[in-house]
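All of these numbers come straight from a predicted model, not from anything done at the bench. We name chains A, B, ... by the order of the sequence lines, and we start the count at 1 in each one.
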Amino acid sequence: MFAESRSTIIAMLVMPDQGLFLIPFSSLIERGKAYESEGDVFYSVSSFDGYGQLSGKNIEDLQAGARVDVNEKKRDALDFVLWKKSKPDEPNWNSPWGAGRPGWHIECSAMGRKYFGDTFDIHGGGKDLVFPHHENEIAQSCGVTGCLPVRFWVHNGFVNIDKEKMSKSLGNFFTLRDIYKKFHPEALRLFLVSSHYRSPIDFSMKNLEDAEKVILRFYEALDNAGSIVGDHNVSLEEIKNHPFLAKCEKAMNDDFNTAVVVAHLNEESRGINSECSLIGNGEGGKKNLALRLSTFKFVGELLGLLTGSPEKIRQEIFNIKKTELELDVEKIECLINDRNEARKNKDWGRADECREELAQMGVVLEDTSKGTEWKIK
RNA sequence: GGCACCGUCGCCAAGUGGUAAGGCAGAGGUCUGCAAAACCUUUAUCGGCGGUUCGAGUCCGCCCGGUGCCUCCA
């Protein structure tokens with residue numbers, strides 16, 4: 001199942017139609033599970049036995065802790081709105097109870113039911129939605145269909161900034177666009193999957209920089225092994241039978257433990273690099289390395305990583321840094337040429353001067369068999 | 001005030017009963033003109049106190065510290 005998921009995740013994305021999404025909650029009134037009050041329709045929480053089960057709350061605690069003024073229209077402070085009478089200047093739709101709009105939990109129940117049916121497997125969301133949003137969603141859906149709408153709830157921890165949750169209403173948020181000005185999307189993605197989805201994750205430049213170093217190391221392994229094995233054909237069947245995949249699958253089956261998969265990827269990238277140097281000494285085993293490489297990339301792709309070629313990623317990261325740091329590429333290349341000229345003449349003093357000057361600009365050199373490459377520290 | 005969750009190496013982060021994964025940073029080494037990259041080696045007894053157990057980071061209680069939810073934001 002894990003092995004196939006790669007091709008199915010994307011296909012599930014649907015852009016819902018714009019418009020009004022409703023579940024037929026009018027029948028709830030007939031059955032005493034909801035009531036109309038001055039143009040509003042409320043769900044009667046006491047009519048649903050399972051209320052509080054998802055969030056682990058009991059109804060007595062909730063009532064004792066109610067800190068907000070009770071809405072006099074409600075029979076019970078816990079009751080929530082299914083249909084809300086609109087104020088004169090608000091968008092509204094006609095209904096048996098007058099002009100209004102759906103309650104704030106309705107659209108989730110309605111869309112889930114429309115696209116996935118009365119019961120579907122997994123519903124995600126942030127931890128803060130557990131109560132009351134998802135609790136109410138369950139209550140109203142169940143009231144209408146008679147069955148639980150969701151088999152597994154997957155609630156993720158917050159992205160924090162300075163220990164406080166990142167949220168639109170607090171204003172302490174970054175957009176992806178902001179982040180991509182400094183970091184490659186795969187660096188961000190690696191950062192996100194480096195911790196368990198239920199844990200809070202601290203957003204910081206240091207953490208993203210660390211993730212960027214690691215993703216580059218993964219690509220380094222891809223590059224090293226790729227240049228040795230060339231275009232070896234590896235079948236999907238062979239990948240599926242590889243022990244490395246089984247290891248990662250085990251971690252994923254344990255409540256999506258992506259952090260452990262990342263640890264496995266780290267170990268495997270080291271293993272691949274080691275094997276590359278062995279093969280470089282003429283010990284053969286290219287087929288084995290090709291399989292190892294393909295499986296490594298396959299697992300990476302399951303996490304949305306390692307989707308490009310090493311050259312492509314390096315170029316993309318390079319472009320980001322170049323723009324961010326406003327580098328003078330011509331000057332850099334000029335200095336590199338000077339240095340290589342000096343090296344030819346074994347003028348090590350001059351060569352080191354050039355590198356020192358580049359280092360001042362944040363540029364690090366790498367002499368490879370293909371020539372001198374450079375990157376930004 | 002009520003109810004939850006969290007506190008693991010300098011930093012990030014797995015592990016939820018059998019004697020601490022992984023990464024970054026640091027140190028030493030191989031390689032290199034010197035470097036870089038890569039590779040090798042190396043660094044923790046888990047907020048505090050008490051309890052349960054043959055055995056606890058992992059269970060229970062209390063304390064300290066942090067966060068979240070308790071609202072017609074979705």
Can you classify the ring geometry of A/Phe116 versus A/Phe120 as parallel (below 30°), tilted (30 to 60°) or perpendicular (above 60°)?
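Ring orientation of A/Phe116 relative to A/Phe120: tilted.
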Would you mind reading off the distance between [X] atom [atom1] and [N] atom [atom2], rounded to a whole angstrom?
X	N	atom1	atom2	answer
A/Lys84	B/C72	NZ	P	9 Å
A/Glu220	B/A38	CD	C1'	7 Å
A/Asn156	B/G68	CG	P	15 Å
A/His264	B/G23	NE2	P	13 Å
A/Arg198	B/C6	CZ	P	8 Å
A/Arg217	B/C12	CZ	P	20 Å
A/Lys57	B/G68	NZ	C1'	9 Å
A/Phe131	B/C73	CZ	P	13 Å

Run the numbers on A/Met166 and A/Phe158 for side-chain contact (heavy atoms from CB on, under 4.5 Å), then give the verdict.
CA-CA 7 Å; A/Met166 183 193 283; A/Phe158 303 128; over 6 Å; no
Under 4.0 Å between a side-chain N or O of [X] and OP1 or OP2 of [N]?
X	N	value
A/Lys74	B/C72	yes
A/Ser199	B/A14	yes
A/Asn207	B/C24	no
A/Arg270	B/G22	no
A/Asn273	B/C39	yes
A/Lys165	B/C69	yes

What is the nucleic acid contact for [X], judged by heavy atoms within less than 4.0 Å: base, sugar-phosphate only, or nothing?
X	answer
A/Leu265	nothing
A/Lys206	base
A/Lys168	nothing
A/Phe158	sugar-phosphate
A/Asp367	base

Along RNA chain B (nearest heavy atom to each residue), the more 5'-positioned of A/Phe191 and A/Lys127
A/Lys127
By nearest heavy atom, map A/Phe80 and A/Val262 onto RNA chain B; which one lands nearer the 5' end?
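Result: A/Val262.
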If the [atom1] atom of [N] is compared with that of [M], how far apart are they to the nearest Å?
N	M	atom1	result
B/G18	B/C70	C1'	40 Å
B/A44	B/A25	C1'	15 Å
B/A27	B/A37	P	13 Å
B/C64	B/G48	C1'	7 Å
B/C12	B/C49	C1'	29 Å
B/U8	B/A56	C1'	14 Å
B/U30	B/G55	P	48 Å
B/G65	B/G23	C1'	27 Å

A/Met111 and its side-chain contact (heavy atoms from CB on, under 4.5 Å) partner, picked from A/Glu107, A/Lys114, A/Arg113:
A/Glu107
Which of the following nucleotides, [options], is nearest to the side chain of [X]?
X	options	answer
A/Asn257	B/G15, B/G22, B/G33	B/G15
A/Asn266	B/G22, B/A25, B/C34	B/G22
A/Ala351	B/G33, B/A36, B/C34	B/G33
A/Asp40	B/A21, B/C24, B/C72	B/C72
A/Val214	B/A74, B/G33, B/G23	B/G23
A/Asp128	B/C69, B/A13, B/A21	B/C69
A/Ser274	B/C24, B/C39, B/C72	B/C39

Tell which nucleotide pairs with [N], taking only Watson-Crick or G-U wobble pairs whose two distances are both under 3.5 angstrom.
N	value
B/C59	B/G51
B/A27	B/U41
B/U19	none
B/G7	B/C64
B/G2	B/C69

Any side-chain to backbone donor/acceptor pair from A/Asp254 onto A/Lys250? Under 3.5 Å, distance only.
no
If only atom types and distance count, is the side chain of A/Lys297 paired as donor or acceptor with the main-chain N or O of A/Leu306 below 3.5 Å?
yes
So which of A/His133, A/His134, A/His155 actually passes ring-ring contact (aromatic ring centres under 6.0 Å, His included) with A/His123?
A/His134
For A/Phe80, the option from A/Trp104, A/Phe131, A/Phe48, A/Tyr43 that meets ring-ring contact (aromatic ring centres under 6.0 Å, His included):
A/Tyr43
Flag the pair A/Phe218 / A/Phe296 as yes when their ring centroid distance falls below 6.0 Å, and as no otherwise.
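Yes, the ring centres sit under 6.0 Å apart.
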Indicate, yes or no, whether a donor-acceptor pair under 3.5 Å links the base of B/C6 to the side chain of A/Asn160.
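Between B/C6 and A/Asn160, which were checked side chain against base, a qualifying N/O pair under 3.5 Å is absent.
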Specify the closest pair of heavy atoms between A/Asn160 and A/Pro200, including all atoms of both residues, with the distance to one decimal.
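For A/Asn160 and A/Pro200, the tightest heavy-atom pair comes out as OD1-CB, 3.5 Å.
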